[in-house]
> 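Got a structure here, written out as structure tokens. Questions coming.
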Amino acid sequence: SSSSTITHHSHVEEKKRTSNPTTRSITDFSSRATTITVGVPAILEDMETLQYLIDSVEKQTVLPDEIVIYMTGSTSKSPSVFKQSTNIPVRIFTEATKKMSGYSRNRVMEKASSKFVMFCDADDMMHPRRVEMVKDNLRKGYTLVLNGHQDPPFDQVLSSDVSTHEDLVRSAHTTNTRSPLLPKSPSGVTHGHPTVSREIGLKHMYKENFHGGEDTEFLHRLLLSGDVRAIFLHARLTFSYPRAWKGKRISIQSSISAP
């Protein structure tokens, strides 16, 4: 692989560039191709698992356009651990004060340069076909793509089942904003890992003061707004970092492979 393109920006440096970064205007991406930023809200304690997540992004059958990490509770020196080679630009933004996840998710959307933001938690990983399968659906005109999630052991054969926009909206109407969408789905909607149009995401924004559950509330609000066309892929395209791997550099390909 070519040398990595990893850039780091501290919160202080960003404030010098713009007096109010949270109100930056939304760029018109209508003429762009289906570009994807993998967006990762993180805290300093996620440093170990972040490397596993980046490894899994590198092994995608279709690469995303960039990775944007927004890490709070971190010093400007923290990202120096990311020294691997990669074909994907990685942009890391740090802020010294620890904030809620909703705050970091909003900053990720602001910093992203792609038309769509594919969220992944810092302590999770991605199936090698996640970008490929999600991108196929974005090209069909969907602006919100949800996917299944799992704990180990991993599915070697991915489900082709889907739930429609109407299924999701009906669920949003009939469940509490802090309750899971489609709770009876065998693969489980992962609320923390939506792929969403950046423009629509910035219009609605995550709640920044929630102590958990901001991802579920955000999806309910999006589905009820009428601004998105959504689909839920039952394929389990994200999975939890196995704690048994702690301290071991185990390739994701040794545990899961693209069919």
> Are V68 and V90 packed together at the side-chain level, in the sense that at least one heavy-atom pair is separated by less than 4.5 angstrom?
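Not touching, per the 4.5 Å side-chain cut-off.
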> Do the side chains of E214 and R178 get close enough for a salt bridge, i.e. N-O under 4.0 angstrom?
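Salt bridge between E214 and R178, a charged N being under 4.0 Å from a carboxylate O: no.
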> Grab the two heavy atoms, one from T49 and one from A122, that are nearest each other, plus how far apart they are.
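Smallest heavy-atom distance, with atoms named: OG1-O, 3.0 Å.
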> Kindly write out the residues that satisfy side-chain contact (heavy atoms from CB on, under 4.5 Å) with D161, not counting sequence neighbours, or none if the list is empty.
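Counting only residues at least two positions away or on another chain, D161 forms a side-chain contact (heavy atoms from CB on, under 4.5 Å) with S159, H234.
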> The criterion is side-chain hydrogen bond (donor to acceptor under 3.5 Å, both in side chains); which residues satisfy it with H191, sequence neighbours excluded?
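Here no residue qualifies.
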> Group every Ile, Leu, Val, Met, Phe, Trp and Tyr by side-chain heavy-atom contacts under 4.5 Å, then state whether L50 and L63 land in the same group.
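In one cluster: yes.
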> What's the spacing between M125 CE and K59 NZ if we round to 0.5 Å?
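If I round to the nearest 0.5 Å, the distance is 10.5 Å.
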> Determine whether a donor-acceptor pair (N or O, by modelled atom type, separation under 3.5 Å) exists between the side chain of E199 and the backbone of F116.
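No; zero donor-acceptor contacts below 3.5 Å.
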> For a side chain to side chain contact (heavy atoms under 4.5 Å, CB included) check, start with the C-alpha distance between M126 and V57, then their side-chain angles and the critical distance, and finish with the verdict.
CA-CA 7 Å; M126 290 167 45; V57 177; 3.8 Å; yes
> Looking only at heavy atoms, which two atoms of V162 and L233 are closest? And how far apart?
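So the minimum-distance heavy-atom pair works out to CG1-CD2, 3.9 Å.
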> Do side-chain atoms of T175 reach the backbone of S171 as a donor and acceptor pair under 3.5 angstrom?
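It does hold such a pair.
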> Return the set of residues passing side-chain hydrogen bond (donor to acceptor under 3.5 Å, both in side chains) with T238 (not counting sequence neighbours), or none when no residue passes.
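Listed in chain order: N147, H149, H193.
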> Determine the minimum heavy-atom distance between L168 and L181, stating which atoms define it.
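Nearest pair, atom of L168 first, then L181: O-CD2, 4.2 Å.
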> For the hydrophobic clusters of this structure (ILVMFWY residues joined by side-chain heavy atoms under 4.5 Å, transitively), does one cluster hold both L202 and I200?
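Linked within one cluster.
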> Are the aromatic rings of Y206 and F119 close, with centres under 6.0 Å apart?
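Under 6.0 Å, so yes.
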> Using a 3.5 Å distance criterion without hydrogens, assess whether the side chain of H220 forms a donor-acceptor pair with backbone atoms of T216.
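Flag set: sc H220 to bb T216 pair under 3.5 Å.
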> Which atom pairs, donor and acceptor, lie under 3.5 Å between side-chain atoms of residues 135-143 and protein residues at least two apart or in another chain?
unit_1	atom_1	unit_2	atom_2	d
K135	NZ	T34	O	3.3
N137	ND2	M133	O	3.0
T143	OG1	R229	N	2.9

> Regarding E66 and T37, is there a side-chain donor-to-acceptor distance under 3.5 Å anywhere?
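A donor-acceptor contact under 3.5 Å links the two side chains.
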> Within the 3.5 Å criterion, strictly below it, is a donor on E208 or N106 matched to an acceptor on the partner's side chain?
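Yes - a donor-acceptor pair under 3.5 Å links their side chains.
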> Looking only at heavy atoms, what is the nearest atom pair of L144 and P194, with distance?
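Shortest heavy-atom separation between L144 and P194 comes out as CD1-CB, 3.9 Å.
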> Report yes if the side chains of I92 and T94 come closer than 4.5 Å at any heavy-atom pair, otherwise no.
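With C-beta onward as the side chain, the pair touches.
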> Going through the distances and angles, do M71 and I43 end up as a side chain to side chain contact (heavy atoms under 4.5 Å, CB included)?
CA-CA 5 Å; M71 181 182 292; I43 56 176; 5.5 Å; no
> Tell me every residue that passes side-chain hydrogen bond (donor to acceptor under 3.5 Å, both in side chains) with D215, counting only those two or more places apart in sequence or in another chain.
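Once residues adjacent in sequence are excluded, D215 has no partner under the side-chain hydrogen bond (donor to acceptor under 3.5 Å, both in side chains) criterion.
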> Under a 3.5 Å distance rule, please check whether E95 uses its side chain to pair with a backbone N or O of G73 as donor and acceptor.
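No.
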> Assigning hydrophobic clusters by single linkage (Ile, Leu, Val, Met, Phe, Trp, Tyr; side-chain heavy-atom cutoff under 4.5 Å), is F210 placed with Y70?
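Shared cluster, no.
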> Run the side chain to side chain contact (heavy atoms under 4.5 Å, CB included) check on L53 and V40 step by step: do they pass?
CA-CA 9 Å; L53 170 57; V40 186; 3.7 Å; yes
> Please find the pair of heavy atoms, one from D65 and one from S114, that lie closest to each other, and give the distance.
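Nearest heavy atoms, D65 then S114: CB-OG, 3.9 Å.
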> To the nearest 0.5 Å, what is the distance between NE2 on H204 and CG on L219?
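CG of L219 is found 11.5 Å from NE2 of H204.
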> Only counting residues at least two apart or in another chain, list the ones meeting side-chain hydrogen bond (donor to acceptor under 3.5 Å, both in side chains) with E217.
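By the side-chain hydrogen bond (donor to acceptor under 3.5 Å, both in side chains) rule, E217 matches R221.
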> With a 4.5 Å cut-off on side-chain heavy-atom distances among I, L, V, M, F, W and Y, is there a chain of contacts connecting L224 to V228?
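In one cluster with L224: V228, no.
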> Does any N or O in the side chain of Q51 come within less than 3.5 Å of the main-chain N or O of M47, such that one atom is a donor and the other an acceptor?
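Absent.
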> Within 45° of the six-membered ring axis of Y103 and under 6.0 Å from that ring's centre, is NZ or CZ of R107 located there?
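Ring-cation test returns yes.
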> Kindly compute the distance separating OG1 (T177) from CG (L223), expressed to the nearest 0.5 Å.
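Interatomic distance, T177 OG1 to L223 CG, rounded to 0.5 Å: 12.5 Å.
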> Any donor-acceptor pair under 3.5 Å linking the side chain of T174 with the backbone of R170?
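Yes, T174 side chain to R170 backbone: donor-acceptor pair under 3.5 Å.
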> How long is the gap from CG on D124 to CG on L237, to the nearest 0.5 Å?
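If we round to the nearest 0.5 Å, D124:CG and L237:CG are 12.5 Å apart.
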> With rounding to the nearest 0.5 angstrom, report the CD1 to CZ distance, I36 to R198.
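Result: 14.5 Å between the selected atoms.
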> Stepwise, does the side chain to side chain contact (heavy atoms under 4.5 Å, CB included) test hold for R130 with M118?
CA-CA 10 Å; R130 187 187 184 200; M118 173 180 284; 3.4 Å; yes
> Keeping the roles fixed (side chain from H165, backbone from A230), state whether a donor-acceptor pair exists under 3.5 Å.
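Side chain of H165 to backbone of A230, a donor-acceptor pair under 3.5 Å: yes, one is there.
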> Which heavy atom in V108 sits nearest to a heavy atom in G39, and how many Å separate them?
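Answer, listing the atom of V108 first, then G39: CG1-CA, 3.5 Å.
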